[in-house]
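In this text, all values refer to a predicted model and were calculated from it rather than measured experimentally.
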Amino acid sequence: MSTGRSNRKYNINDVYYAIRTESNFNYGFWLEVILTILFERLIKFCGVFMISAASIIISIVSFIGFFIILPIVASPGSLWFYFNVVWGLTLLFNILFNYVMSVISDPGYCDNNREEISENTRDCKKCNQ
């Protein structure tokens, strides 16, 4: 095995195979591979947890706003009450729509196949181009 980084995606079976078969085992490289695998799994778990937590917080704030604060601010049945309901529902729809779109949107990628870079373009922070 080479000691440099590779673009290959490793899994736990590759680490186990390398431990069993290689006499010159590169502990640093394989430790990095194991930590990368564990970190990716942790991030996937945390992502689901954070999405659920944000959804619960948005729901709780909406409930408190509509059913506890709004009746205190405006008397039910008045024009001001209905205006606040319509305005609150508009804001809630926009919050939920933008949150859902940010969760399901692809983060994008760097285009590594650019041949010519003009002087007026910005550099990509990911691939340093």
Distance-only check: which donor-acceptor pairs under 3.5 Å involve side-chain atoms of residues 51-65, not counting sequence neighbours?
residue: Ser52; atom: OG; partner: Val48; partner atom: O; Å: 3.0
residue: Ser55; atom: OG; partner: Ile51; partner atom: O; Å: 2.9
residue: Ser59; atom: OG; partner: Ser55; partner atom: O; Å: 2.9
residue: Ser62; atom: OG; partner: Ile58; partner atom: O; Å: 2.8

Side-chain donor-acceptor contacts of residues 72-87 below 3.5 Å, not counting sequence neighbours, with atom names and distances?
residue: Ser78; atom: OG; partner: Ser75; partner atom: O; Å: 2.8
residue: Ser78; atom: OG; partner: Phe81; partner atom: N; Å: 3.2
residue: Asn84; atom: ND2; partner: Trp80; partner atom: O; Å: 3.0

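Taken to the nearest 0.5 Å, the CG atom of Leu35 stands 11.5 Å off from the CG atom of Leu42.
The side chain to side chain donor-acceptor pair (under 3.5 Å) pairs that include a residue from residues 38-48 are Lys9-Glu40, where partners are two or more places apart or lie in different chains. The stretch residues 33-54 participates, sequence neighbours left out, in no ring-ring contact (aromatic ring centres under 6.0 Å, His included) pair at all.
Taking all atoms of both residues into account, the shortest heavy-atom contact from Phe66 to Leu89 is CZ-N, 3.6 Å.
For Leu38, the side chain to side chain contact (heavy atoms under 4.5 Å, CB included) test picks out Ile34, with sequence neighbours left out. Under the rule for a side chain to side chain contact (heavy atoms under 4.5 Å, CB included), the partners of Asn98 that lie at least two apart in sequence or sit in another chain are Asn94.
By the rule that hydrophobic residues join a cluster once side-chain heavy atoms approach within less than 4.5 Å of another member, Ile95 and Leu70 end up as members of one cluster.
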